[in-house]
2 protein chains.
Amino acid sequence: MIIDATNISKVLSDPIRYKILLMLMNHQGMESLCLSFGSEGVCNCDIMQEFGLIQSRVSYHMKELTSSGLVREEPKGKWKYYVLNKETVRNYIKQLGSDFKL
Amino acid sequence: MIIDATNISKVLSDPIRYKILLMLMNHQGMESLCLSFGSEGVCNCDIMQEFGLIQSRVSYHMKELTSSGLVREEPKGKWKYYVLNKETVRNYIKQLGSDFKL
DNA sequence: TTATAATATCAAATAATATTGATATGACGA
DNA sequence: TCGTCATATCAATATTATTTGATATTATAA
């Protein structure tokens, strides 16, 4: 897998995105907070609630996160569930390690 | 040591800075390219030459790199030599690893 | 179908970063 | 000291990213 280290870095550099990633991390395999449904995973509305952000802002950041490969989308019905893609973080780290011979 | 992961990410996210870091990496313990002197390390002028950048631009990016802790300065006479601080990269990686339980 | 809820997109405003050229500072050596 | 070279800083501008509110999609349920 090809990793663009500066691109992943850019995505990680936004505090909100970083916090969203941590949230996804901590909800691995847990129930959605989403009030209306008890499905697996974290959806847009969970993130809006958690951080008090408006919808389009969350949407923007989730696009950054998914298009970088840090997060995977799982659409279910009209919802979209997001799951952290640890593999990308691992590959990013691997890339840094090899670039900087750590 | 305290690592601000989003801050390090921001610094790493600029392609020029990333390339400068790689350059420092690859010149660990080698002679300066600096034409006038054969001292250890990489100085401002080496970076200017290598990437064809003007002085103030290099200065700006080196400040970003040093103030984040990714690079150490070693002033010698009127020159400033820069050395990669692998420790910071390592700590950054460690932080990611612990945040994302890798 | 139609209504509604969730998410996406868009254009405009704002904010943050990067770049440049000019000038300043600081360290030498003559 | 004075002149020169290396680096730093500054103000202006350019570029890029983020935020917002409005509108568009899309899925589903009634």
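The chains referred to below are lettered A, B, ... by the order of the sequence lines, with proteins before strands, and numbering in each begins at 1. Side chains are part of it too, since the values below use all heavy atoms of this structure and drop only hydrogens, waters and symmetry mates.
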5'-most by nearest nucleotide on DNA chain C - B:Gly77 or A:Tyr82:
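Per heavy-atom nearest nucleotide, the more 5' residue is A:Tyr82.
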Proximity to the side chain of [X] - top-ranked nucleotide from [options]:
{"X": "B:Lys63", "options": "C:dA18, D:dT9, C:dA6", "answer": "D:dT9"}
{"X": "B:Asn44", "options": "C:dA18, C:dT20, D:dT7", "answer": "D:dT7"}
{"X": "B:Ser56", "options": "C:dA5, D:dC5, D:dT9", "answer": "D:dT9"}
{"X": "B:Tyr60", "options": "C:dA8, C:dT17, D:dT19", "answer": "C:dT17"}
{"X": "B:Arg17", "options": "C:dA8, C:dA18, C:dA6", "answer": "C:dA18"}
{"X": "B:Cys43", "options": "C:dT7, D:dT7, D:dA8", "answer": "D:dT7"}
{"X": "A:Glu64", "options": "D:dT18, C:dA8, C:dA5", "answer": "D:dT18"}
{"X": "B:Asp14", "options": "D:dA8, C:dA18, C:dA8", "answer": "C:dA18"}
{"X": "A:Cys45", "options": "D:dT7, D:dC5, C:dT7", "answer": "C:dT7"}

For atom [atom1] of [X] and atom [atom2] of [N], their distance in whole Å:
{"X": "B:Arg57", "N": "D:dA14", "atom1": "CZ", "atom2": "P", "value": "16 Å"}
{"X": "A:Lys78", "N": "D:dA29", "atom1": "NZ", "atom2": "P", "value": "7 Å"}
{"X": "B:Trp79", "N": "C:dA27", "atom1": "CH2", "atom2": "P", "value": "13 Å"}
{"X": "A:Tyr81", "N": "D:dA27", "atom1": "OH", "atom2": "P", "value": "16 Å"}
{"X": "B:Leu12", "N": "C:dT17", "atom1": "CG", "atom2": "C1'", "value": "16 Å"}
{"X": "A:Lys10", "N": "C:dT17", "atom1": "NZ", "atom2": "C1'", "value": "13 Å"}
{"X": "B:Ile54", "N": "D:dA14", "atom1": "CD1", "atom2": "C1'", "value": "13 Å"}
{"X": "A:Tyr18", "N": "D:dT18", "atom1": "OH", "atom2": "P", "value": "16 Å"}

Taking the side chain as every heavy atom from C-beta outward, state whether [X] and [Y] have any pair of such atoms under 4.5 Å apart.
{"X": "B:Val89", "Y": "B:Leu70", "answer": "yes"}
{"X": "B:Phe51", "Y": "B:Ile20", "answer": "yes"}
{"X": "A:Leu96", "Y": "B:Tyr18", "answer": "yes"}

If you compare all heavy atoms of A:Met23 against all heavy atoms of A:Glu50, which two are closest, and at what distance to 0.1 Å?
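Scanning both residues, the minimum pair turns out to be CE-CB, 3.8 Å.
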If I compare all heavy atoms of A:Tyr82 with all of A:Glu73, which pair ends up nearest, and what's the gap?
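Scanning both residues, the minimum pair turns out to be CE2-CG, 3.9 Å.
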Decide yes or no, distance alone: a donor-acceptor N/O pair under 3.5 angstrom between the base of C:dA8 and the side-chain of A:Gln55.
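Present.
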B:Lys80 vs C:dG26: side-chain N/O to OP1/OP2 distance below 4.0 Å
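Indeed not, no polar side-chain atom of B:Lys80 lies that close.
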Under 4.0 Å: is that the gap between some side-chain N or O of A:His61 and OP1 or OP2 of D:dA17?
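No, A:His61 has no side-chain N/O under 4.0 Å of OP1/OP2 on D:dA17.
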Could you check whether A:Lys76 makes a cation-pi contact with A:Tyr81, meaning its NZ or CZ is under 6.0 Å from the centre of the six-membered ring and within 45° of the ring axis?
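Yes, A:Lys76 and A:Tyr81 form such a contact.
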Which sits closer to the 5' end of DNA chain D, B:Met48 or A:Leu53, going by the nucleotide each is nearest to?
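Upstream on the strand: B:Met48.
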Mind checking what makes ring-ring contact (aromatic ring centres under 6.0 Å, His included) contact with A:Tyr60, not counting sequence neighbours?
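A:Tyr60 satisfies ring-ring contact (aromatic ring centres under 6.0 Å, His included) with no other residue.
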Rounded to the nearest 0.5 Å, what separates atom CG in A:Leu12 from atom OG1 in A:Thr88?
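Here the interatomic distance stands at 10.0 Å.
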Quantified as the angle between the terminal helix axes (five pairs each), what is the overall bend of the helix from C:dT1-D:dA30 to C:dA30-D:dT1 to 10 degrees?
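Answer for the end axes of this duplex: 20°.
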